[in-house]
Amino acid sequence: MKALFIDVSYKTKGSKPVLTLIFKRKRFFRIHDSSFEPYFYLHSEDVYEAKKAIEQLIVEEKGMVVKAKRVEKVNKILAGKEKEMLRIVCNHPQEVPILREEIKKFGTTYEHNIPFTRRYIIDTGLAPLNTIEFEREGKELKKIIKIHDTPTPKFNTLVFDIETYNPQGAPRPAKDPVIMISYAGETSGVFTTKKIDRPFVHFCSSEKEMIEKFCELIKKKDIEIIMGYNSSQFDLPYLKERASVLKTKLALGRDDSSFTLHRRGLITKAKIKGRIHIDLFHIIRFLATIGALKTFQYTLTEVYSEITGKKKKIVPKLEIWKYWDENLKCGELADYSLNDSVAEKELADQLLPMEFEISKLSKVPLFEICGSSTGTIVEQLLMNRAHWENMIVPNQPKEEEINARVASPAVGAFVKMPEPGIYDKLVVFDFRSLYPSIIISHNIDPFTLNCSCCEKDAFVSPVGHRFCRKKRGLIPTVLEELLQKRSEIKKRMKSLKPGTDEYLQLDARQQALKITANSFYGYLLYPRSRWYSKEAGESTTAWGRHYIQETMKKAEEAGFKVLYGDTDSLMLLLGDKKKKDALEFVAKINSELPEKMELELEGYYTRGVFVSKKGGEKGEEKGAKKKYAMISEDGRIKIRGFELVRRDWAGVAKQVQKQVLEAILKEGSKEKALKIVTDKIDELRAGKTPLEELVIYTQLKKSPGKYEINSPELAAAKKAMNAGMPIEVGSLISFIISRKGSSISDKAMPAELAKDYDAGYYIEHQVIPAVLKILKELGVKKEDLLLGGKQSSLGDWH
DNA sequence: GCGAGCAGCGTACCT
DNA sequence: ACAGGTACGCTGCTCGCG
């Protein structure tokens, strides 16, 4: 039969492990496999002696007698070399750690901590969300015939969101009821305990009935994927506690169980039996950490508007209870509640296809892979592939080793120091997938390092490490395939109409491939990596520095002036040269680069601003790296690093800086820029600036007690805590510098409690520093800003 | 005892 | 809990001066 593979779990029957595979055809169903055996490997100096000893070995643990089921001699590739090793087959997964503890005295054990269900997927080649063709006998799996990569079908999905009564600010689950449960899927609606005149409202006579009706809906609709926003931390635990207070069950699972919490590193996931629960917030956090998404705060409201470009209905969190109490406003609250679920559904529709593809690629079931780190994705992909290649998976490093790795970081990228100034006619080039292409071109891998076969002919990195030229490494092989697949997909997409099902799925797949390919270099230097190699990692960056610097040299030789460059990009001054010359230059560079590497022309810019670093007053001014603004030919402004892109600067300073940059880039008008600044300073002095423009946002990365020194955000956080506001690790502190106090920290007040502002601070520490660094390039001095707008005419800066 | 100068902490950014 | 490179504000210490 053919069915879509979803997930696998195992339990013990008798004393044997039995795997339960979840498949989907029309509905989810289960098939068992009781034939799969757990095992691990041993590398020993004396294979024969070790085998004999292990076969005799009997371990008694907590009254259990544990021994190996069988011991097999196998040939495997360990750290790039063929070795005879032992495969120790066990009776039960739980016996693996017990036997391993005894057996490690014979040598080094491998693959002893791969979870049994992962082991099963790796060894069978089963890929989640692919169609599996198999034979069965009743409920037992007999044989896997083929695995088909078919388009992902539609799932029965439901998004939900709850509203809680919160007269005290934060809702207390022991006392404060859930007042609304909204959902969106095929249809959408709101369960609530008030008779609200809206067509989508389902009236429930009590909170208890509301929870029960919601669970019934999930059961009746046979929901396969259930989602929420921060549902694992808020909605689900809250519902569970309410259910227990109300003496009812939160029957979300197929067996009427509620959910279980699973900690994976820093995130906690809620698992619902027989369904796939996905917390969209985890996906958002993942996208934020890889830099694919950047918002000020990661609230549903902000994320929704960033991703869809649309605004969501808003009811201030602290006023929800008031809306509820005021009968006339209940309708609005219901609209809001429904809108939350509908918005989350839209997010899910956009985000899930990529998660599906990451799951297929890494072969990790959807529930497990959703929101996991790039390290996990790369690692799982490599583990699967290592198995096919008959390679032993390297062990995870011990704490000690991790610390040693952290203590000795590798040298990274090259960044050129720019000459501060305002420039016209720029051209920007980028290396396409710089690090992946370097890894592929030079066969960089932990186990191609210092091979014995290419003594004279190896790839030698600029830092002196040698990589084999004959045998391909695992990492370059996998990486090359990923890039190859991605370019094929991109080619196919060109022949399709955007928006079709096939196009969207291909787009999701190319995103997954890109994210994964871009994570390999990081994984080489990730301290907890199984494939860590400082030599490989630092060779990658060394070649990166080499190519960018060589390209800069060649650009100078070709008569361009190199303004700036960072890692894989370079910015040239076109000067008297034409676009044709830029194209010729890129073609020449590409003819000299290794085949898999490529320099691309990113675009032409009509004007760009570089500023000097702060503090470099005396002696020569040094240009600030990672800080510039440019305007492209078609009028698009690109701003990097300036205060205005940072959340820890006040809105006033950011707005003024933005206007100044725009005035310079678009119009070249110094007068206009000056006027903007002096007007704002006047407004600040007069005390007329609205407090919202003065809020500074800073995240507390540690818990408030763990700081060595005081800081404005910490001081503000403590004041907020005293006022009863919840502050914890990761809280985003919003504060305003008020008039009361001596140090800046003393003056920092939580935005919610601030009544006034310190004009002097905002003028001297926010607005002036933000704009002066730019206006300095036009000859403006600090006094010019403080004295007002009587200025000389625009000088020529060219 | 006091202010200037500076190191180091801490955060957020860039590629 | 993917990497390293960078800017920069603020605190709190050291140091020179008196």
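We name chains A, B, ... by the order of the sequence lines, and we start the count at 1 in each one. Just so it is clear, the structure is predicted and the values come from calculations on it, not from any experiment. Note that these values count all heavy atoms, side chains included, but never hydrogens, waters or copies made by symmetry.
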**Student:** Please determine, for the side chain of A:Lys625, which listed nucleotide (C:dT6, C:dT11, B:dC13) has the closest atom?
**Tutor:** C:dT6

**Student:** Is the shortest distance from a Lys or Arg side-chain nitrogen in A:Glu399 or A:Arg528 to a carboxylate oxygen in the other one below 4.0 Å?
**Tutor:** yes

**Student:** Atom CZ of A:Phe610 to atom C1' of C:dA7: distance rounded to whole Å?
**Tutor:** 15 Å

**Student:** Below the 4.0 Å mark, does C:dT6 have OP1 or OP2 next to a side-chain nitrogen or oxygen of A:Tyr564?
**Tutor:** no

**Student:** Whole Å only: how far is the CE atom of A:Met630 from the P atom of B:dC14?
**Tutor:**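 From A:Met630 CE to B:dC14 P: 12 Å.
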
**Student:** Taking 4.0 Å as the cut-off, does a side-chain nitrogen or oxygen of A:Lys627 come that near to OP1 or OP2 on B:dC14?
**Tutor:** no

**Student:** Please state whether the phosphate of C:dC10, meaning OP1 or OP2, lies under 4.0 angstrom from any side-chain nitrogen or oxygen of A:His765.
**Tutor:** yes

**Student:** Should A:Arg118 and A:Gln380 be marked as a side-chain hydrogen bond (donor to acceptor under 3.5 Å, both in side chains) after you check the CA-CA gap, both sets of side-chain angles, and the distance that decides it?
**Tutor:** CA-CA 9 Å; A:Arg118 275 302 299 148; A:Gln380 297 304 330; 2.7 Å; yes

**Student:** Near DNA chain C, counting only heavy atoms under 4.0 Å, which residues of residues 427-449 of chain A show up?
**Tutor:**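 None - not one residue of the stretch has a heavy atom sitting under 4.0 Å from the strand.
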
**Student:** Distance check needed: B:dA12 C1' versus A:Leu732 CG, whole Å only.
**Tutor:** 12 Å

**Student:** I want to verify a distance call: between B:dA12, C:dG4, C:dA3, whose nearest atom is closest to the A:Lys701 side chain?
**Tutor:**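 Ranking B:dA12, C:dG4, C:dA3 by closest atom to the A:Lys701 side chain puts B:dA12 first.
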
**Student:** Please work out if A:Tyr526 contacts a base, only the sugar-phosphate, or nothing of the nucleic acid, heavy-atom cut-off 4.0 Å.
**Tutor:**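 Contact class for A:Tyr526: base.
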
**Student:** Looking at C:dC10, B:dA12, B:dC9, which one has an atom nearest to any side-chain atom of A:Glu708?
**Tutor:** B:dC9

**Student:** So if I take every side-chain heavy atom of A:Ser743 and compare against C:dT11, B:dT11, C:dC10, which nucleotide ends up nearest?
**Tutor:** C:dT11

**Student:** Quick one: which of C:dT11, C:dA7, C:dG5 gets closest to the side chain of A:Val411?
**Tutor:** C:dG5

**Student:** Is the number of heavy atoms from other residues, nucleotides or ligands within 6.0 Å of NZ (A:Lys625) greater than 12?
**Tutor:**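 Result for NZ/A:Lys625: enclosed.
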
**Student:** Side chain of A:Gln699 only, please: which of B:dA12, B:dG10, C:dC10 is the nearest?
**Tutor:**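 The nucleotide sitting nearest to the side chain is B:dA12.
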
**Student:** Under 4.0 Å, counting only non-hydrogen atoms across every strand here, what does A:Lys534 touch: a base, just sugar-phosphate, or nothing?
**Tutor:** nothing

**Student:** Rounded to the nearest 0.5 Å, how far does CZ of A:Phe431 lie from OG of A:Ser437?
**Tutor:**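 It comes to 8.0 Å.
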
**Student:** Could you tell me how far apart A:Lys718 (NZ) and C:dT11 (P) are, to the nearest whole angstrom?
**Tutor:** 12 Å

**Student:** Nearest whole angstrom, please: distance from the C1' of C:dG4 to the CZ of A:Arg405.
**Tutor:** 17 Å

**Student:** Looking at every strand, decide which applies to A:Thr289 at a 4.0 Å heavy-atom threshold: base, sugar-phosphate, or nothing.
**Tutor:** base

**Student:** Measure the acute angle between the ring planes of A:His262 and A:Phe367, then classify it against the limits of 30° and 60° as parallel, tilted or perpendicular.
**Tutor:** perpendicular

**Student:** Counting any heavy atom closer than 4.0 Å, what does A:Lys773 reach on the DNA or RNA strands: base, sugar-phosphate only, or nothing?
**Tutor:**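 Answer is sugar-phosphate: A:Lys773 comes under 4.0 Å of backbone atoms only.
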
**Student:** Within 45 degrees of the axis of the six-membered ring of A:Phe585 and under 6.0 Å from its centre: does A:Lys554 put its NZ or CZ there?
**Tutor:** no

**Student:** In terms of the angle between their ring planes, are A:Tyr423 and A:Phe610 parallel, tilted or perpendicular, with boundaries placed at 30° and 60°?
**Tutor:** perpendicular

**Student:** Looking only at side-chain N and O atoms, does A:Tyr707 come under 4.0 Å of OP1 or OP2 in B:dG8?
**Tutor:**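 Answer is no, no contact under 4.0 Å.
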
**Student:** Of all the nucleotides listed (B:dT11, B:dG8, C:dC8), which has the minimum atom distance to the side chain of A:Ile709?
**Tutor:** B:dG8

**Student:** Does A:Lys626 place a side-chain N or O at less than 4.0 Å from the phosphate oxygens OP1/OP2 of B:dC14?
**Tutor:**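 No, no such contact exists.
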
**Student:** Looking across every strand, which nucleic acid part, if any, lies under 4.0 Å from A:Ser373 by heavy atom: base, sugar-phosphate, or nothing?
**Tutor:**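 Since only primed, P, OP1 and OP2 atoms lie under 4.0 Å of A:Ser373, the category is sugar-phosphate.
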
**Student:** Between atom CG in A:Leu525 and atom P in C:dG5, what is the gap in whole Å?
**Tutor:**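 Taking CG of A:Leu525 and P of C:dG5, I get 10 Å after rounding.
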
**Student:** With rounding to the nearest 0.5 angstrom, report the NZ to CE distance, A:Lys740 to A:Met749.
**Tutor:**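 Between atom NZ of A:Lys740 and atom CE of A:Met749 there are 6.0 Å.
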
**Student:** Nearest to the side chain of A:Val645 - B:dA12, C:dG9, B:dC14?
**Tutor:** B:dC14

**Student:** Measure from NZ on A:Lys294 to C1' on B:dA12 and round the result to the nearest Å.
**Tutor:** 8 Å

**Student:** Any base atoms under 4.0 Å from A:Arg640, or only sugar-phosphate, or nothing? Heavy atoms, all strands.
**Tutor:**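 Touches sugar-phosphate only.
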
**Student:** Out of C:dG12, B:dT11, B:dC14, which nucleotide sits closest to the side chain of A:Asn710?
**Tutor:**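 It is C:dG12.
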
**Student:** To the nearest Å, give me how far apart CZ (A:Phe642) and P (B:dT11) are.
**Tutor:** 24 Å

**Student:** Tell me if the NZ atom of A:Lys781 is crowded by more than 12 foreign heavy atoms within 6.0 Å.
**Tutor:**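 No, the 6.0 Å shell around NZ holds no more than 12 heavy atoms from other groups.
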
